[in-house]
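Only one structure is covered here, and it is reproduced in the block below.
Quick note: numbers below take in every heavy atom, side chains included, and nothing from hydrogens, waters or symmetry partners.
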Amino acid sequence: MDLLRHLRHFVVVAHELHFGRAADLLGMAQPPLSQSIQRLERELAVELFDRSRRQVRLTTAGGLLLAEAEELLAGEGRLRNLMGQVRAGELGILRAGVPPETPAVTLRALLDQLTGRAPGLDVELHELTTAEQVRMLTERRLDVGLVHHPVEADGLRFGAPVDVPLGVLLPRTSPLARGREVPLAALAGLDLVAAPRATAPGWHDHLLTVCRRHGWRPARVRPARNPEFLFGLVLAGGGVAVEPATLARREPRIAWRPIADTSLTKRTSAVWPQRSAHPAAPMVGQLAAEVLAVAEPAPPTPPSVPAARPWPVLFDTTG
């Protein structure tokens with residue numbers, strides 16, 4: 001017996017106290033409606049309506065059932081709405097991973113967008129490298145991630161990618177900073193400061209392949225997991241980094257110059273399991289692409305000759 005369906009029929013009749021009008025409201029014929037009420041009465045072993053007179057009236061049992069039925073049907077509506085929000089990814093917990101170098105302003109923008117789109121979603125954020133995210137996604141310990149390509153893994157689905165132009169980060173005092181662009185071959189003899197290979201093997205190998213193809217075989221690769229350490233290694237001399245222009249804006253003593261002989265970009269996108277994915281994962285993928293596209297605008301055009309002292313001199317050690 002479909003109890004809820006019969007209760008819905010009962011509530012309409014109880015409010016109208018007229019089987020004909022109730023049938024019209026329900027979009028059904030009167031005989032099936034009468035049969036539905038009779039079956040409910042047999043199921044509950046009570047009479048719900050007094051049909052002894054020309055006017056239909058609720059019995060004591062019918063009056064008591066009406067309040068309970070309305071509460072039960074309202075609860076069913078809330079339950080269906082709740083489960084609908086869960087299916088749409090608007091409720092529950094979302095375990096998300098982001099790269100450690102993600103700028104605070106980008107992270108804030110992404111979280112604000114998620115809150116605006118799904119305020120009931122509890123985002124459990126983890127700072128993870130691309131390799132860590134891929135492993136946790138395949139192990140189902142993460143629902144969605146933000147990774148750097150290329151990524152070789154089965155069973156994953158990727159959101160819309162965002163390609164960010166890369167350039168050379170070097171000290172502003174470097175002679176190479178005087179030009180508008182830097183050929184990779186001009187970096188011969190210098191070290192490459194980059195994230196350890198284990199953090200994003202595909203991207204690390206791709207970067208080295210492009211550098212070697214254009215005449216720069218770094219003397220060695222010096223690992224740097226966070227921007228501040230990367231800046232320190234670059235400013236210490238003997239090494240440069242290949243990163244987006246936005247990273248250079250965090251350190252006034254660092255210059256960013258486009259690469260002259262090739263167009264090198266870093267591709268980033270959201271990723272989630274292909275099967276049994278979290279309902280919110282595609283939405284996160286879309287929002288991440290929108291936020292990253294705004295967060296990584298076109299790089300600035302560098303001056304042909306940088307200022308002699310581009311930052312305040314606190315200690316002059318030139319003698």
Separation between CZ of Arg213 and CG of Asp261, rounded to the nearest 0.5 Å: 11.5 Å
What residues join Ile259 in its hydrophobic cluster, counting side-chain heavy atom gaps under 4.5 Å, either direct or through other members? Leu166, Val168, Leu170, Leu176, Val182, Leu184, Leu187, Leu190, Leu192, Trp203, Leu207, Leu208, Val210, Trp216, Val221, Val240, Val242, Leu264
If hydrophobic clusters are built from ILVMFWY residues whose side chains come within less than 4.5 Å, do Leu146 and Val271 share one? no
With Asn226 via side chain to side chain contact (heavy atoms under 4.5 Å, CB included) - residues at least two apart: Glu228, Phe229
Looking at Arg39 and Glu43, is any side-chain nitrogen of the basic one under 4.0 Å from a carboxylate oxygen of the acidic one? no
Leu121 side chain reached by His278 side chain, heavy atoms, under 4.5 Å: yes
Flag, side chain of Arg95 to backbone of Arg140, donor-acceptor distance under 3.5 Å: yes
Closest non-hydrogen atom pair, Ala260 against Pro183: CB-N, 3.7 Å
Looking at Pro32, is its backbone amide N or carbonyl O close enough to the side chain of Ser36 to form a donor-acceptor pair, meaning the two atoms are under 3.5 Å apart? no
Answer yes if Leu33 and Leu3 sit in the same cluster of Ile, Leu, Val, Met, Phe, Trp and Tyr residues linked by side chain heavy atoms under 4.5 Å apart, and no otherwise. yes
Donor-acceptor contact below 3.5 Å, side chain Glu181 vs main chain Pro258: no
Which atom of Arg257 lies closest to which atom of Arg180, heavy atoms considered: CD-O, 3.9 Å
Quick test of your reading of the model: are Glu132 and Arg225 salt-bridged, counting only N-O distances below 4.0 Å? no
If you compare all heavy atoms of Ala219 against all heavy atoms of Gly189, which two are closest, and at what distance to 0.1 Å? CB-O, 4.1 Å
In terms of heavy-atom contacts, Val46 and Leu48 come closest through CG2-CD2, 3.7 Å
Using 0.5 Å steps for rounding, measure from the CZ atom of Phe49 to the CG atom of Leu58. 5.0 Å
side-chain contact (heavy atoms from CB on, under 4.5 Å) partner of Leu7, chosen from Val12, Leu72, Leu66, Asp2: Leu72
When rounded to the nearest 0.5 Å, the distance separating CD of Glu243 from CH2 of Trp256 is 11.5 Å
Has Glu152 got more than 12 heavy atoms of other residues, nucleotides or ligands less than 6.0 Å from its CD? no
Among Asp143, Asp122, Val123, whose side-chain contact (heavy atoms from CB on, under 4.5 Å) with Ile93 holds? Asp122
Keeping the roles fixed (side chain from Arg172, backbone from Pro252), state whether a donor-acceptor pair exists under 3.5 Å. yes
Between Leu142 and Leu137, which heavy-atom pair has the shortest distance, and what is it? O-CD2, 3.3 Å
Please test Leu233 against Asp191 for side-chain contact (heavy atoms from CB on, under 4.5 Å), starting from the C-alpha separation and ending with a verdict. CA-CA 10 Å; Leu233 292 179; Asp191 296 340; over 6 Å; no
Is it true that atom CZ of Arg217 has more than 12 heavy atoms of other residues, nucleotides or ligands lying nearer than 6.0 Å? no
If I take atom NE2 from residue His18 and atom CG from residue Leu25, how far apart are they, to the nearest 0.5 angstrom? 11.0 Å
Looking at Thr130 and His148, would you say the former's side chain and the latter's main chain have a donor-acceptor pair under 3.5 Å? yes
Exceeds 12 heavy-atom contacts within 6.0 angstrom, atom CD of Glu16: yes
According to a hydrophobic-cluster definition based on side-chain heavy atoms being under 4.5 Å apart (Ile, Leu, Val, Met, Phe, Trp, Tyr only), do Phe19 and Leu17 belong together? yes
Tell me whether Leu40 is reachable from Val13 by hopping between hydrophobic residues (I, L, V, M, F, W, Y) whose side-chain heavy atoms are closer than 4.5 Å. yes
Rounded at 0.5 Å granularity, tell me how far CD in Glu71 sits from CD in Glu76. 13.5 Å
Could you work out, with ring-ring contact (aromatic ring centres under 6.0 Å, His included) as the rule, every residue matching His9, not counting sequence neighbours? none
For residues Pro103 and Arg250, report the shortest heavy-atom separation together with the two atoms involved. CG-NH2, 3.4 Å
Should Leu125 and Leu94 count as side-chain neighbours, where that means a heavy-atom distance under 4.5 Å? no
Does Gln133 reach the main-chain N or O of Leu128 with its side chain, forming a donor-acceptor pair under 3.5 Å? yes
Distance col, row Phe158:CZ vs Leu156:CG, nearest 0.5 angstrom, shows 5.5 Å
Among pairs that include at least one residue of residues 163-202, which meet ring pair (Phe, Tyr, Trp, His ring centres under 6.0 Å), considering only residues two or more places apart or in two chains? none
Within-4.5 Å side-chain heavy-atom neighbours: Arg8 and Leu73: yes
List in chain and number order the residues that pass ring-ring contact (aromatic ring centres under 6.0 Å, His included) with Phe231, two or more places apart in sequence or in another chain; answer none if no residue qualifies. none
Determine all donor-acceptor pairs shorter than 3.5 Å in which one atom belongs to a side chain in residues 281-295; sequence neighbours excluded.
| residue | atom | partner | partner atom | Å |
| --- | --- | --- | --- | --- |
| Gln286 | NE2 | Glu290 | OE2 | 3.2 |

